[in-house]
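The structure presented is a predicted model; accordingly, all values stated were derived computationally and were not measured. Hydrogens, waters and symmetry mates are skipped; everything else that's a heavy atom, side chains included, is used.
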Number of protein chains: 2
Amino acid sequence: MAPGALYWHVANKQELLVEVADVLLAEIPAPPVDRPASEALVGLAVAVREVLAAVPDAADVVGLAYAVDPGATRPLRDLARLVHEAGAPAAERDEAAALVVHHILGSVAAQQDRSLAATIDPDLPAPDATAEAKAFEVGLSVIVRGLTRSR
Amino acid sequence: MAPGALYWHVANKQELLVEVADVLLAEIPAPPVDRPASEALVGLAVAVREVLAAVPDAADVVGLAYAVDPGATRPLRDLARLVHEAGAPAAERDEAAALVVHHILGSVAAQQDRSLAATIDPDLPAPDATAEAKAFEVGLSVIVRGLTRSR
DNA sequence: ACCTGAACACCGTTCAAGT
DNA sequence: ACCTGAACACCGTTCAAGT
């Protein structure tokens, strides 16, 4: 297809990227209902992070879509609901959910930045995926503590 | 000056933006020593966010620099120290500091994304800077609670 | 309805030539 | 040492013309 053909389907590049982000997030399974909210929240956040970590530039794309419409995708709506059930007051639900999303996207972007930097400059160490995931979960646990503390 | 003249001073645009970010971060005052760490942490995070929000692409640029070398700039070193003093165990200090940085950069990127989207699509609301700052502080307070809870 | 092909403006970058 | 001016490749977007 010629590049210009895309503009029959979307108004601009941003709109295209939003649809790409939707497709990426759609393959994430719904969180379990028979678990504590804080536990389900951690599981969902880890799942979202895993999916995005595999896709170059995923953080930018999803970040743009989320910034424009935070409730556009089901996994991120689930995330906001679980944040509330895990202890965030209703009035602070969206702000606390944004914190979780920022941590996910920041973690993905940092890992991809380190990976890119390592291929450009061979002196730099390539990131270890399991260590990155573990560091992410440490930050997550700080958030979860902050949420449960607030009810 | 002609645009090409810049390339006598820097290798590429990314390097230029890194220097811009460094200059901006450098003018952030050191946190006060006569205040509780959690309070100083909030003040510093807010100051960093304010400065970066004014610079296009600041989140990407600082994110890349931080991913490669988290301790490169003084304000971000101060941030990691205050995170520790606010309650993060030494073993989790860097991971908790990364959480704060992710929240700062995510908040800045989201605000700039929304601003850009509003100029492209006039139906979308332009972001309100003070509301954005307030939402950021709600997330920050969740982090601070999670930190103080962990000691 | 959907696509091609050619065009346009814009931008990051290079480089020979100037002072 | 530092800058200009012209060039280049690349990319987002438009649009008339095709099927």
Side-chain angles (χ1 to χ4, degrees), chain A residues 1-27 51-70 72-73 76 101 105-106 108-124, chain B residues 1-27 51-69 72-73 105-106 108-127:
Chain A
M1 264 180 27
L6 288 166
Y7 288 82
W8 193 90
H9 300 276
V10 298
N12 48 48
K13 190 185 180 186
Q14 171 178 321
E15 203 173 296
L16 174 66
L17 292 180
V18 167
E19 290 192 27
V20 171
D22 286 350
V23 170
L24 289 178
L25 293 177
E27 69 190 42
V51 162
L52 298 185
V55 183
D57 297 328
D60 276 348
V61 170
V62 173
L64 178 58
Y66 182 79
V68 171
D69 185 1
T73 66
L76 298 184
V101 172
L105 300 182
V108 167
Q111 181 175 341
Q112 293 180 348
D113 280 345
R114 278 189 280 270
S115 179
L116 184 66
T119 63
I120 291 176
D121 181 354
D123 297 342
L124 293 171
Chain B
M1 264 183 21
L6 288 166
Y7 289 83
W8 193 90
H9 299 275
V10 298
N12 47 48
K13 189 186 180 185
Q14 173 88 357
E15 200 174 296
L16 173 68
L17 292 179
V18 166
E19 289 192 29
V20 170
D22 282 351
V23 169
L24 288 167
L25 288 178
E27 73 189 33
V51 162
L52 297 186
V55 184
D57 299 328
D60 277 349
V61 169
V62 173
L64 178 57
Y66 182 80
V68 171
D69 185 2
T73 66
L105 300 183
V108 168
Q111 182 175 341
Q112 293 180 349
D113 280 346
R114 277 189 282 268
S115 177
L116 183 66
T119 62
I120 291 177
D121 181 354
D123 296 342
L124 293 171

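When all heavy atoms of Ala21(A) and Ala65(A) are compared, the closest pair comes out as CB-CB, 4.1 Å. Between Ala118(B) and Ala126(B), the closest heavy-atom pair is CB-CA, 3.8 Å. The shortest non-hydrogen separation linking Leu64(B) to Asp113(A) is CA-OD2, 3.5 Å. The two atoms that bring Ala58(B) and Leu52(B) nearest to each other are CB-O, 3.3 Å, heavy atoms only. Here the shortest heavy-atom pairing between Asn12(B) and Tyr7(B) reads CA-CE2, 4.0 Å. Looking at every heavy atom in both residues, Val108(B) comes nearest to Ala59(B) through CG1-CB, 4.3 Å.
Using a 4.0 Å cutoff to heavy atoms of chain A, the contacted part of DNA chain D runs 5' to 3' from dG12(D) to dT14(D).
The backbone N or O of His9(B) sits nowhere less than 3.5 Å from a side-chain atom of Glu15(B) that would complete a donor-acceptor pair. Proximity of a side-chain donor or acceptor of Gln112(A) to a complementary backbone N or O of Ala53(A) within less than 3.5 Å is detected.
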Can you list the steps and then say if Leu6(B) with Lys13(B) is a side-chain contact (heavy atoms from CB on, under 4.5 Å)? CA-CA 9 Å; Leu6(B) 288 166; Lys13(B) 189 186 180 185; over 6 Å; no
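Of the residues in residues 9-18 of chain A, those lying under 4.0 Å from DNA chain D by heavy-atom distance are Asn12(A), Lys13(A).
Contact of the Asp22(B) side chain with the Thr73(B) side chain is registered, since non-hydrogen atoms from C-beta on lie closer than 4.5 Å.
For DNA chain C, the stems formed by at least three consecutive Watson-Crick or G-U pairs, with both atom-pair distances below 3.5 Å, span C:4-8 with D:12-16, C:12-16 with D:4-8.
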